Amino acid sequence: MTHPVAVVLAGGLGTRMKSGTPKLLHVLCGRPMLAYVLDAARGATGADPVVVVSPATPAVRDAYPARVTIALQKPP
């Protein structure tokens, strides 16, 4: 039996935010935006999600080294 896995598309560079911080790491209510998405993905599937990121945003990869599978999107 197979189980569903969420794929979170997080490969954008967040340039419209005009910030040095990647968009997904901006803090809302004390947590990075991506943390809310990862929690929802785990809750919906019961499995750790796959997060698609850009090679140009290593901070996103470094922020979530556990409980996610990272896939690099070339080019973003």
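All figures in this text were calculated on a predicted structure; none of them were measured in a lab. Numbers for residues simply follow the sequence, beginning at 1.
The shortest distance between side-chain heavy atoms of R42 and P49 falls below 4.5 Å. Proximity of T45 to V5: side-chain heavy atoms (C-beta onward) are nowhere separated by under 4.5 Å. Between R31 and D39 there is a side-chain heavy-atom pair separated by less than 4.5 Å. Within the 4.5 Å cutoff, the side chain of V8 has heavy atoms near those of the L34 side chain. Side chains of D62 and V60 form no contact here, defined as non-hydrogen atoms less than 4.5 Å apart. Here the side chains of V68 and L38 are in contact, with some heavy-atom distance below 4.5 Å. You'll find the side chain of V53 stays beyond 4.5 Å of the side chain of Q73, heavy atoms only.
Considering every non-hydrogen atom in both A10 and L24, the closest pair reads CB-CD1, 3.0 Å. Between A41 and A6 the shortest heavy-atom distance is CB-CB, 3.5 Å. Closest of all the heavy-atom pairs between M33 and K23 is CE-O, 2.6 Å.
Between D48 atom CG and R67 atom CZ the span is 5.0 Å, to the nearest 0.5 Å.
Side-chain atoms of R61 never come within 3.5 Å of backbone atoms of A71 as a donor-acceptor pair (strictly under, hydrogens ignored). For the pair S54 (side chain) and A56 (backbone), a donor-acceptor distance under 3.5 Å is present.
Under the 4.5 Å side-chain heavy-atom criterion for ILVMFWY residues, no single connected hydrophobic cluster contains both L9 and Y36.
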With side chain to side chain contact (heavy atoms under 4.5 Å, CB included) as the test, would you mind laying out the steps for T69 and V51 before giving the verdict?
-> CA-CA 6 Å; T69 298; V51 180; over 6 Å; no
